[in-house]
Structures are given as C-alpha cells and as structure tokens.
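Both counts, for ligands and for their atoms, begin at 1 and track the order of listing. We use all heavy atoms of the structure for the numbers below, so side chains are in, but hydrogens, waters and symmetry mates are not.
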Amino acid sequence: MPKEVFGRGYDFLPKSEVLSFEELARLARVFVALGVEKIRLTGGEPLLRRHLDRLVAQLAGLDGLRDLTLTTNGSRLVEQAAALHAAGLRRLTVSLDALDDTTFRAMNDVDFPVQRVLRGIDAALAAGFAPIKINMVVRRGVNDHEIEAMAERFSGREFVLRFIEYMDVGNSNGWRLDDVVPAAEIIARLGDTMPLVPQYPGEVARRFRVEAGGEVGVISSVTEPFCGDCTRARLSADGHLYLCLFAGHGHDLRTPLRAGASDQELAGIIRATWRVRADRYSEIRAAGSARQPKAEMSLLGG
Ligand SMILES: C[S@@+](CC[C@H](N)C(=O)[O-])C[C@H]1O[C@@H](n2cnc3c(N)ncnc32)[C@H](O)[C@@H]1O
C-alpha cells in the first residue's frame with residue numbers, strides 16, 4: 001500500500017460496510033459446507049482488526065474446516081501471538097522481505113523497524129507456532145541481495161521459507177517485468193550455497209528440504225503461472241467474492257447476506273458464481289497480452 005496512494009486522507013471504508021465477525025463466520029460456514037477446507041485470514045493487515053482472536057475462535061470451531069491460517073506483516077505479533085494461539089490458530093505466515101532494516105523499509109514503505117517483526121517471530125515461536133512460514137517477495141535491485149541471508153537465517157526446523165516472485169497485483173505498485181527475479185534463478189543461487197533436496201510440490205510452491213532440517217520453496221506465479229490448479233476464492237472485508245487475485249471486481253455477497261438470505265440461498269449464489277469461473281490472468285500475462293484494471297492486493301490479501 002504505497003503511501004502516495006494510501007496516505008493520510010485516503011478514504012477507507014466506513015465501518016458499516018465492513019463485515020462483522022458474525023457475518024464473516026457465517027459466510028465461512030457456508031463456504032465450508034460447499035467444500036472449502038482451508039481458510040486464510042489476510043488483508044490489508046489482519047492484526048489491525050480489533051479483537052481478531054475472537055474471529056479466530058469462531059472460525060477454529062467450524063465443523064469441517066481442516067486448516068486455519070493467518071498472514072501478517074508481523075508488526076503486532078509481540079502483543080497478539082499468544083492470544084491468537086489460545087484462540088485456536090495453529091498456522092502462521094509472516095511476511096518479511098529482508099533482514100537488513102534499510103532494505104526492509106525500502107521494500108515495504110512501513111514505519112516500523114525490521115527488529116519489530118523479528119521480535120514478533122520470536123513471540124510466535126514462544127506462543128507455540130511451529131513451523132512458522134516466512135514469505136519473502138523478491139524484487140530485483142531492491143532486496144534480491146538478501147536471498148542467501150534469509151535462507152541462512154530461516155533454514156531451521158522451526159521455519160518454512162517461501163520466495164515469491166514479485167507480481168503485478170493491483171494498479172499502484174509500478175510493476176515491471178524487469179523487477180521479477182525468476183524462481184529458477186532463486187533456486188540456482190540457493191543451490192550454490194546449500195544442498196536442496198526436491199520435495200513433492202505444495203499447493204502453489206515448488207518445495208525443497210535443506211540440510212538444517214527446514215524447508216525452502218519458490219512461488220513462480222509470474223514465470224510459471226499455475227492458474228489451472230488455482231482453487232482460491234477470496235472474500236474482501238466488505239463481503240465481495242473475488243475469483244482471481246488479478247480480478248477487477250468482486251461479486252457482492254454482503255447485500256444478500258444483509259437482506260436476510262438463508263444459508264442455502266447464499267450457497268446457491270456462491271456456487272453459481274464459482275461454477276462459471278474462467279479467470280487465468282497470469283497465463284494471459286505470460287502470453288504477453290494482459291491489460292486490465294485490477295483490484296489492489298491490500299483488498300485481496302495475496
Ligand atoms: C497482501 S499481504 C496481506 C497480509 C499482511 N498485511 C502481510 O503483509 O503479510 C499477503 C502477502 O502478499 C505478499 N505480496 C504483497 N505484494 C506482493 C506482490 N506485488 N507480489 C507478490 N507478493 C506480494 C506479501 O508479501 C504477503 O506475504
């Protein structure tokens with residue numbers, strides 16, 4: 001969320017347009033009844049939502065949900081890690097793009113030091129989260145010199161490290177193809193410094209075991225798109241269903257929800273929307289013909 005776009009004076013959503021925890025939990029229940037097995041809380045920054053542990057507790061208790069996880073920038077983990085774990089959260093992803101403070105700030109445009117995130121990761125370990133997933137988005141010329149240092153720092157058993165190709169999500173991050181460090185290049189560089197043993201691929205990542213007992217992986221959504229395997233539905237804070245990370249608009253679930261639709265009616269709307277899903281932006285981009293207005297990453301959560 002670059003400050004020149006989302007700075008002071010930006011007109012954020014009024015609270016009445018944001019789904020309450022009860023509304024979110026109800027929609028989650030409908031999605032789970034339709035076959036969703038995994039929910040990820042993301043954002044924006046999820047730890048900015050007050051009493052988030054209460055939502056976690058409601059979701060953790062959903063019958064049929066196999067996996068509940070959260071992605072955070074880590075800035076408030078020191079204060080919240082224990083409460084989130086106590087509420088039933090067992091999996092955590094922390095976004096961390098560099099260990100060096102100047103590089104970290106250049107990448108993220110944030111007002112807190114990298115030390116705060118590192119202390120948050122320690123607090124999460126102390127609270128019982130393990131392994132913790134670390135997401136590093138790699139941008140050429142900005143933080144790619146930190147690839148090896150990050151791999152070294154997070155190669156233990158307590159961590160799973162993911163290198164993510166920098167993507168052209170939204171319209172405000174000024175993305176250029178030259179900014180992308182291809183996953184193949186990242187793996188080649190890592191292979192020069194540590195032995196990598198290929199593992200069975202994950203949902204979106206190519207995975208490797210490292211000697212220290214941990215795991216690294218790469219997510220190559222730009223150079224090797226995986227649209228055909230994508231099963232992710234995204235629900236924005238204001239109750240819109242997005243079918244793709246690169247979608248331009250979402251399908252309104254809040255209006256029927258607030259107009260009194262039954263669970264069955266909501267399920268019908270979701271099913272009808274999902275069935276006609278044909279999005280494959282990353283493949284189209286790879287073919288060189290992508291040009292469309294897109295929703296911002298901060299709305300869709302990654
Ligand atoms: C949009 S953030 C939202 C959650 C939380 N605020 C955080 O920082 O983790 C989710 C993930 O998307 C990643 N991300 C953000 N912009 C990206 C981009 N342009 N390309 C690839 N990944 C990106 C972040 O690094 C983070 O791991």
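- Relative to the six-membered ring of Tyr200, Arg207 misses at least one condition, a distance below 6.0 Å or an angle of at most 45° to the axis.
- More than 12 heavy atoms of other residues, nucleotides or ligands sit less than 6.0 Å from atom CG of Asp192.
- Side chain of Glu148 to main chain of Leu190: no donor-acceptor pair is present (N/O by atom type, distance under 3.5 Å, no hydrogens or angles).
- The number of heavy-atom neighbours closer than 6.0 Å to CZ of Arg54, taken from other residues, nucleotides and ligands shown, is 12 or below.
- An N or O contact shorter than 3.5 Å links Ser95 to ligand 1 by distance.
- Residue Met167 has at least one N or O atom closer than 3.5 Å to an N or O atom of ligand 1.
- Hydrophobic clustering, with ILVMFWY side chains joined whenever heavy atoms are under 4.5 angstrom apart, groups Leu77 together with Leu118.
- The shortest heavy-atom distance from Glu165 to ligand 1 is under 4.0 Å.
- Of all protein heavy atoms, the one lying nearest to atom 14 (N) of ligand 1 is Met297 CE, 3.2 Å.
- Among the atoms of Glu45, some N or O lies under 3.5 angstrom from an N or O of ligand 1.
- Between Gly44 and ligand 1, an N or O atom pair is found at a separation short of 3.5 Å.
- Going from atom CD1 of Ile186 over to atom CZ of Arg206 covers 10.0 Å, rounded to the nearest 0.5 Å.
- Between Tyr166 and ligand 1, not a single N/O pair is under 3.5 Å apart.
- The nearest protein atom to atom 2 (S) of ligand 1, hydrogens excluded, is given as Gly301 O, 4.2 Å; this is a heavy-atom distance.
- Proximity of Asp168 to ligand 1, defined as any heavy-atom pair under 4.0 Å, is not found for any part of the residue.
- Surrounding CD of Glu4 are more than 12 heavy atoms belonging to other residues, nucleotides or ligands, all under 6.0 Å away.
- For Val137, every heavy-atom contact with ligand 1 shorter than 4.0 Å involves the side chain, none the backbone.
- Listed by atom number, the atoms of ligand 1 under 4.0 Å from Gly43 heavy atoms are 1 (C), 3 (C), 4 (C).
- With rounding to the nearest 0.5 Å, the separation of CG in Leu161 from CD in Glu152 is 11.5 Å.
- The proximity of Asn135 to ligand 1, defined as any non-hydrogen pair under 4.0 Å, is limited to the side chain.
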